[in-house]
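Quick note: residue numbers are just sequence positions, from 1. None of these values were measured; they are calculated from a predicted model.
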Amino acid sequence: MLGKVVALSKRASHQISKINHTQLKLLEGIGVEGDVHAGKTVKHRSRVAIDPNQPNLRQVHLIHSELFEELLSKGFQISAGQMGENITTQGIKLLELPKDTLLYIGEQAIVKITGLRNPCHQLNGLQEGLLKAVLDKDEQGNLIRKAGIMGIVLRGGSIALDDVIRIELPPLPFLPLERV
């Protein structure tokens, strides 16, 4: 399975939206160089308040560009980086990948998927109702989180727009993605 990078974003300060770039450097065990969420321990403020020493399973945030098309059909105009993602992908059903899937991005970087992003109320600051728009329920009434996935950097390297993303599934049995 292959996909590609269609946008790259980072920001050095805590704000929901990130600034688009043509290239990012991923640092092994840290995350995106120059991004506020980079680090070995958790950097998201809500998680730091609970336990600042817990491992950072949210070093890299990925969203599929197809989500923006879905949101547009619901009246939301969202562009890459606005929802806080670092890497915007195309051609990969990110939400269907199992936990521990490896994403080989560009020539060197490897990101290991840790789980689902748990979207927060800050999304409503972009456009009212956006939080509800990225949440859904399946036939059994289980919550579906559509706001992307999170990962850690296993091997660093520079990544750029249009880089190919190769997917390596973990050994069976597959574990479903849960919020991290």
Please report the interatomic distance [atom1]([X]) to [atom2]([Y]), rounded to the nearest 0.5 Å.
X	Y	atom1	atom2	result
S9	I19	OG	CD1	9.0 Å
L8	S158	CG	OG	10.5 Å
N142	D136	CG	CG	11.5 Å
K10	N86	NZ	CG	10.0 Å
I159	Y104	CD1	OH	15.5 Å
L103	I87	CG	CD1	8.0 Å

Apply side-chain contact (heavy atoms from CB on, under 4.5 Å) to the pair V42 and N53, showing each step before the final yes or no. CA-CA 7 Å; V42 68; N53 298 312; over 6 Å; no
Does V32 reach the side chain of Q59, with side-chain heavy atoms less than 4.5 Å apart? no
Hey, can you pull the donor-acceptor pairs under 3.5 Å for the side chains in residues 106-113, sequence neighbours left out?
none

Start with the C-alpha distance between L71 and M83, add both sets of side-chain angles, then the distance that settles side-chain contact (heavy atoms from CB on, under 4.5 Å), and finish with yes or no. CA-CA 12 Å; L71 291 172; M83 293 191 355; 4.1 Å; yes
Go through the structure and list residues passing ring pair (Phe, Tyr, Trp, His ring centres under 6.0 Å) with H21, not counting sequence neighbours. none
Count I, L, V, M, F, W, Y as connected when their side-chain heavy atoms are under 4.5 Å apart, and connections chain through other members. Are [X] and [Y] then in the same cluster?
X	Y	value
L135	L67	yes
L116	L62	yes
V6	L24	no
V153	L102	no
I105	L95	yes

So, using side chain to side chain contact (heavy atoms under 4.5 Å, CB included) as the criterion, who are the partners of [X] when residues are at least two apart?
X	answer
E128	N124
P170	P98, D100, T101, F174
T114	L57, M150, I152, V180
E139	none

Does the side-chain contact (heavy atoms from CB on, under 4.5 Å) test come out yes or no for L97 and I92, once each step is laid out? CA-CA 9 Å; L97 296 174; I92 303 172; 3.9 Å; yes
Shortest non-hydrogen contact from [X] toward [Y]:
X	Y	answer
A133	F76	CB-CE1, 3.5 Å
P119	L123	CB-CD1, 3.7 Å
I63	G148	CG1-CA, 3.9 Å

What do the steps show when you test R145 against R179 for side-chain contact (heavy atoms from CB on, under 4.5 Å), and what is the final call? CA-CA 8 Å; R145 294 171 176 86; R179 68 180 180 93; 3.3 Å; yes
May I ask you to check whether N56 and T41 show a side-chain donor-acceptor distance below 3.5 Å? no
Quick test of your reading: applying salt bridge (Lys or Arg N to Asp or Glu O under 4.0 Å), list the pairs with at least one residue in residues 30-56, sequence neighbours left out, ordered by first then second residue. K18-D35
Pairs meeting criterion salt bridge (Lys or Arg N to Asp or Glu O under 4.0 Å) with involvement of residues 60-83, two or more places apart: E70-K74, E70-K146
Would you please name every residue forming a salt bridge (Lys or Arg N to Asp or Glu O under 4.0 Å) with [X], sequence neighbours left out?
X	result
K132	none
D162	K4
E178	none

Relative to the ring of H44, is the ring of H37 parallel (under 30°), tilted (30 to 60°) or perpendicular (over 60°)? parallel
Quick note, side-chain hydrogen bond (donor to acceptor under 3.5 Å, both in side chains) partners involving residues 87-96, not counting sequence neighbours, are E85-T88
Between the main-chain N or O of V5 and the side-chain N or O of D163, is there a donor-acceptor pair closer than 3.5 Å? no
